[in-house]
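A short worksheet on the structure shown next.
For the numbers below, each heavy atom of this structure counts, side chains included, while hydrogens, waters and symmetry mates do not.
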Amino acid sequence: MRILDYFEKISDKLDQTPKLAHITLASALGLEIRLPDLQWRQKYPKLANWYDEFSKLPSIQATRPES
């Protein structure tokens, strides 16, 4: 969870252009589907906003795992 502190702090520097690091981060955050106890969104609202926007990209939607 400490890494989420870091990404919350730099969330304004994260853009919506898919890069390997962005895809990796989005994949990790997407674990909330399988790990409902993770509950990271309330503590990291900026990161949640970035994730929600990034997840709308067609390439991300096309490769999203089924819940």
Side-chain angles (χ1 to χ4, degrees):
M1 297 301 285
R2 287 186 285 168
I3 193 69
L4 295 181
D5 290 329
Y6 171 75
F7 282 114
E8 178 74 5
K9 289 177 187 173
I10 67 156
S11 62
D12 60 328
K13 296 178 183 176
L14 297 173
D15 59 24
Q16 299 300 320
T17 305
K19 298 177 184 94
L20 184 56
H22 296 101
I23 294 167
T24 302
L25 176 59
S27 297
L29 294 174
L31 287 175
E32 69 184 347
I33 293 170
R34 292 190 169 87
L35 302 171
D37 292 338
L38 191 56
Q39 301 288 317
W40 60 270
R41 288 178 170 273
Q42 281 188 320
K43 187 173 179 185
Y44 306 103
K46 293 182 203 174
L47 193 55
N49 184 55
W50 172 84
Y51 174 74
D52 291 341
E53 290 302 312
F54 190 80
S55 296
K56 292 177 185 175
L57 293 172
S59 58
I60 302 300
Q61 287 293 312
T63 57
R64 184 176 178 187
E66 295 182 22
S67 54

Restricting to non-hydrogen atoms, name the atom on Gln61 and the atom on Ser55 that form the minimum distance, rounded to 0.1 Å.
NE2-O, 2.6 Å
Any side-chain to backbone donor/acceptor pair from Glu32 onto Leu38? Under 3.5 Å, distance only.
no
ILVMFWY network linking Ile23 to Ile10, side-chain heavy atoms under 4.5 angstrom
yes
Please tell me whether Leu29 and Leu31 are part of a single hydrophobic cluster in this structure, the criterion being side-chain heavy atoms less than 4.5 Å apart.
yes
Is there side-chain contact between Phe54 and Leu25, with heavy atoms separated by less than 4.5 Å?
no
Interatomic distance, Lys19 atom NZ to Thr24 atom OG1 [nearest 0.5 angstrom]:
13.0 Å
Is there a continuous path of hydrophobic side-chain contacts, each under 4.5 Å between heavy atoms, that joins Ile33 to Leu35?
no
Measure the CD-OH distance between Gln39 and Tyr44 for me, rounded to the nearest 0.5 Å.
12.5 Å
Would a 4.5 Å heavy-atom cut-off, applied to side chains only, mark Leu14 and His22 as touching?
yes
With sequence neighbours excluded, give me every salt bridge (Lys or Arg N to Asp or Glu O under 4.0 Å) pair touching residues 50-62.
Arg41-Asp52, Glu53-Lys56
For the OH atom of Tyr6 and the OG atom of Ser11, what is their distance to the nearest 0.5 Å?
11.0 Å
Note: Leu4 and Trp40 closest approach over all heavy atoms is CD1-CB, 3.8 Å
So Trp50 and Asp12, side-chain contact (heavy atoms from CB on, under 4.5 Å) or not? Walk me through it.
CA-CA 9 Å; Trp50 172 84; Asp12 60 328; over 6 Å; no
